[in-house]
Enquirer: 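What follows is a single structure, and I will ask about it in a moment.
Chain letters run A, B, ... following the sequence lines, proteins first and then strands; every chain starts at 1.
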Protein chains: 2
Amino acid sequence: MRVDALPEIRQLSLFAGMRDENFEGLMKAAYLQNFPAQVELIDEGDQADFLFFVIEGCVELYAETSGREGVLALVRPVGSFILAAVIKDAVYLMSARTTEKSRILMIPAQNVRDAFEQDDGFARSIVVELAGYFRAVVKEYKDLRLRTGVERLANRLIKYHLNQGENGTVCLPCDKKTLSSILGMTPENLSRAFGTLKAYGVKVEGSVVRLNDLKSLTTLAKPNPLIDDYRT
Amino acid sequence: MRVDALPEIRQLSLFAGMRDENFEGLMKAAYLQNFPAQVELIDEGDQADFLFFVIEGCVELYAETSGREGVLALVRPVGSFILAAVIKDAVYLMSARTTEKSRILMIPAQNVRDAFEQDDGFARSIVVELAGYFRAVVKEYKDLRLRTGVERLANRLIKYHLNQGENGTVCLPCDKKTLSSILGMTPENLSRAFGTLKAYGVKVEGSVVRLNDLKSLTTLAKPNPLIDDYRT
DNA sequence: CGGTCGGTTGAAGCTAATCAATTAGAGTGG
DNA sequence: CCACTCTAATTGATTAGCTTCAACCGACCG
């Protein structure tokens with residue numbers, strides 16, 4: 001691939017500390033591909049062959065065991081995934097599929113590891129990146145462990161509301177089936193949870209949600225920066 | 001502290017790539033302290049002031065929100081905790097308390113960050129360490145999300161059995177109250193889960209558990225290396 | 001028009017938490 | 001050594017939370 005094909009990649013914090021020549025080397029080895037929706041990009045258990053970036057579209061990370069499946073995260077532009085497996089030269093712990101037509105950048109894992117060995121700035125950027133990932137999963141874990149389904153939904157709505165400009169409405173980032181899985185519940189349960197939140201001023205209109213009584217919703221949700229704030 | 005006071009620390013993979021003079025600098029700044037049981041070492045939400053190591057004893061990492069509490073992990077010698085918060089110069093996401101009389105090594109966070117900036121080998125060791133932590137939490141998350149309480153217990157017993165030499169018995173690493181919280185259930189529920197596992201050859205004798213029918217227990221548990229194997 | 005799919009609703013059942021009571025064990029002091 | 005106490009652990013009854021199965025609705029599409 002050409003080095004300057006994707007200037008937004010070079011801007012990522014992951015590559016902030018990397019020397020130009022090493023970045024160029026990575027990009028030359030990389031593949032940029034378009035995928036339709038619902039394509040399996042990786043299968044948990046497979047050896048980590050590539051580091052992935054979502055340039056356009058959306059990718060869903062999920063896992064399954066003995067018949068049960070759960071979505072762990074959605075990755076949107078410009079986000080990476082599977083960095084830890086690539087660094088450890090291990091198998092993927094999560095599967096990934098596109099949820100919509102997507103443009104994906106793939107860097108061969110060995111090139112990433114070589115760059116990690118050779119480029120001190122890159123190594124430091126990876127530290128910060130992984131520390132952030134780690135803390136994000138810890139928060140997800142706490143969310144799932146310490147809250148009921150209704151509370152998780154309420155807090156998620158408040159979080160989206162903050163990220164979307166606090167104008168009283170929220171646009172859901174995906175269909176409700178996917179949202180339910182992200183929140184660790186069934187679609188039926190999400191539907192009922194929205195029903196419960198009616199009493200707290202939550203009005204669902206398709207993929208738009210109105211928050212007409214943020215105060216009472218917040219009282220119910222008890223948002224906690226150590227779980228909900230992406231910055232901490 | 002004297003540099004050679006704790007040779008086992010220098011052996012840790014976290015310091016494997018570190019230059020001697022930098023390690024000495026860290027150790028000189030470090031504190032080694034003895035604590036009785038049930039001492040709060042850190043409080044979630046506080047700024048990360050130290051990187052911690054358990055030299056002797058045991059530390060419990062836990063979190064709470066709106067009245068509910070859950071143990072996330074036990075740390076035993078020689079293990080570190082709170083590395084991600086130290087590196088990101090952020091607040092702790094988990095609280096920590098000693099569960100028994102313990103000897104704890106504390107390195108001031110700023111010294112760790114300075115060493116991270118100055119020592120390339122240390123930076124790379126941190127990458128590997130954090131990647132391992134990240135994958136460990138992802139596995140915990142999957143365990144909690146995709147399995148019932150009985151399944152989590154069954155798989156945990158099988159894991160302990162493997163780690164303890166596969167001789168048909170398992171020694172529980174902590175009291176049952178703590179174990180229940182690690183497994184994400186109440187003590188009552190753990191007790192009932194053990195009751196359920198009787199039918200699969202599991203016999204509880206205090207803190208020792210006999211696995212008399214590993215085959216049927218395994219059939220029930222359906223262990224998955226992508227959740228249960230600490231190596232992958 | 002029938003078909004599929006996302007979403008909702010209802011009923012039933014399961015898993016787990018809660019509350020309450022009891023038992024078992026470890027340690028203490030007489 | 002025995003009663004006493006404190007806590008861990010268990011057991012039973014009840015309730016809450018969530019899943020499952022089934023039916024249904026409405027939108028979109030061939």
Enquirer: Pull out every protein N or O sitting under 3.5 Å from an N or O of nucleotides 4-7 of chain C, one pair per line with the distance.
Expert:
unit_1	atom_1	unit_2	atom_2	d
C:dG7	OP1	A:Lys176	N	3.1
C:dG7	OP2	A:Lys176	N	3.2
C:dG7	OP2	A:Lys177	N	3.0

Enquirer: How does each nucleotide of nucleotides 20-30 of chain D score, in 5' to 3' order, for protein heavy atoms under 4.0 Å: base (B), sugar-phosphate only (S), or none (-)?
Expert: BB---------
Enquirer: Please list, chain by chain and in numerical order, all residues satisfying salt bridge (charged side-chain N to carboxylate O under 4.0 Å, His left out) with A:Glu69, sequence neighbours excluded.
Expert: A:Arg97
Enquirer: When the distance from CG of A:Leu220 to P of D:dG17 is rounded to whole Å, what number comes out?
Expert: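 Between P of D:dG17 and CG of A:Leu220: 11 Å.
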Enquirer: Could you tell me which residues satisfy side-chain hydrogen bond (donor to acceptor under 3.5 Å, both in side chains) with B:Glu64, sequence neighbours excluded, listed by chain and number?
Expert: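 So B:Glu64 forms no side-chain hydrogen bond (donor to acceptor under 3.5 Å, both in side chains) with any residue.
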Enquirer: What is the separation between atom CG on A:Leu183 and atom P on D:dT19, rounded to the nearest whole Å?
Expert: 11 Å
Enquirer: Take the protein atom CG of B:Leu190 and the nucleotide atom C1' of C:dA16, then report the distance between them rounded to whole Å.
Expert: 13 Å
Enquirer: Going by side-chain hydrogen bond (donor to acceptor under 3.5 Å, both in side chains), name the residues that satisfy it together with A:Asp46, two or more places apart in sequence or in a different chain.
Expert: none
Enquirer: When the distance from CZ of B:Arg145 to P of D:dG17 is rounded to whole Å, what number comes out?
Expert: 19 Å
Enquirer: Can you measure B:Arg147 atom CZ to C:dT15 atom C1' for me and round it to whole angstrom units?
Expert: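 Whole-Å distance recorded here is 17 Å.
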Enquirer: Calculate the interatomic distance between A:Leu179 atom CG and C:dT8 atom C1'; express it in whole Å.
Expert: 15 Å
Enquirer: Quick one: ring-ring contact (aromatic ring centres under 6.0 Å, His included) partners of A:Phe53, sequence neighbours excluded?
Expert: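 With sequence neighbours excluded, A:Phe53 shows a ring-ring contact (aromatic ring centres under 6.0 Å, His included) to A:Phe15, given in chain and number order.
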Enquirer: Between atom CE in B:Met185 and atom P in D:dA16, what is the gap in whole Å?
Expert: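 Those two atoms, CE and P, are 22 Å apart.
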Enquirer: Starting at atom CZ of A:Phe194, determine the distance to atom P of D:dC18, rounded to an integer number of angstrom.
Expert: 15 Å
Enquirer: Any Lys/Arg nitrogen of A:Glu44 or B:Lys142 sitting under 4.0 Å from an Asp/Glu carboxylate oxygen of the other?
Expert: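 A salt bridge links A:Glu44 with B:Lys142.
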Enquirer: Inspect the contact between A:Arg147 and A:Asp228 and indicate whether a charged nitrogen and a carboxylate oxygen are less than 4.0 angstrom apart.
Expert: yes
Enquirer: Under 3.5 Å, side-chain donor or acceptor atoms of residues 155-162 of chain B against the rest of the protein: list the pairs with distances, not counting sequence neighbours.
Expert:
unit_1	atom_1	unit_2	atom_2	d
B:Asn155	ND2	B:Glu151	O	2.9
B:Asn155	ND2	B:Ala221	O	3.0
B:His161	NE2	B:Gly168	N	2.9

Enquirer: With sequence neighbours left out, write down each residue that passes salt bridge (charged side-chain N to carboxylate O under 4.0 Å, His left out) with A:Glu188, or none if nothing qualifies.
Expert: none
Enquirer: Who are the side chain to side chain contact (heavy atoms under 4.5 Å, CB included) partners of A:Thr219, not counting sequence neighbours?
Expert: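 If we apply the side chain to side chain contact (heavy atoms under 4.5 Å, CB included) test to A:Thr219, skipping adjacent residues, there are no hits.
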